Amino acid sequence: MNKVEIHIQRGVKSNDWLRVATGLAHAETEKEGIEWINAEVYVHLPEPGRCLFKRPGDQGFTAYG
């Protein structure tokens with residue numbers, strides 16, 4: 001499966017979430033041998049009800065919450 005889940009630490013400022021999430025997600029997909037374009041990535045953000053999601057075929061994240 002091409003699914004990856006990332007958790008952003010509480011100490012990360014909200015204006016850094018996307019940068020940190022992108023770096024962690026790229027590193028994890030590379031480690032797992034998944035091509036970025038084919039990856040499904042879910043990012044748990046520190047604030048309840050907020051997340052980032054990348055669908056297979058997309059280059060970047062969509063924010064929810």
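Position 1 is the first residue of the sequence, and the numbers go up from there. Just so it is clear, the values below take in all heavy atoms, side chains as well, and ignore hydrogens, waters and symmetry mates. Computed from a predicted model, the values in this text were never measured in an experiment.
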Q: Looking at every non-hydrogen atom in both residues, tell me the closest pair between Thr29 and Ala39 and how far apart they are.
A: CG2-CB, 3.8 Å
Q: Check the pair Lys13, Asp16 against salt bridge (charged side-chain N to carboxylate O under 4.0 Å, His left out), reporting the backbone distance first and the verdict last.
A: CA-CA 5 Å; Lys13 294 180 181 180; Asp16 288 332; over 6 Å; no
Q: Quick check: does any side chain N or O of Arg50 sit under 3.5 Å from a backbone N or O of Leu45, one acting as donor and the other as acceptor?
A: no
Q: Does the side chain of Tyr42 reach to within under 4.5 Å of the side chain of Val4, using non-hydrogen atoms?
A: no
Q: Are Val12 and Val43 connected into the same hydrophobic cluster when the rule is that any two of I, L, V, M, F, W, Y join if their side-chain heavy atoms are below 4.5 Å apart?
A: yes
Q: State the CD1-NE2 distance between Ile34 and His26, to the nearest 0.5 angstrom.
A: 12.5 Å
Q: Taking all atoms of both residues into account, what is the closest heavy-atom pair of Phe61 and Ala25, and its distance?
A: CZ-CB, 3.9 Å
Q: Are His44 and Ile8 close enough that some pair of their side-chain heavy atoms sits under 4.5 Å apart?
A: no
Q: Atom CZ in Arg10, atom CD in Glu47: separation rounded to 0.5 Å?
A: 9.0 Å
Q: Search all heavy atoms of Asn38 against all heavy atoms of Pro56 and return the closest pair with its distance.
A: O-CB, 3.7 Å
Q: Could you check whether any side-chain heavy atom of Val41 comes within less than 4.5 Å of a side-chain heavy atom of Ile6, counting everything from C-beta outward?
A: yes
Q: How many angstroms lie between atom CD of Glu5 and atom SG of Cys51, to the nearest 0.5 angstrom?
A: 10.5 Å
Q: Donor-acceptor check, side chain of Lys54 to backbone of Trp36, threshold 3.5 angstrom: yes or no?
A: yes
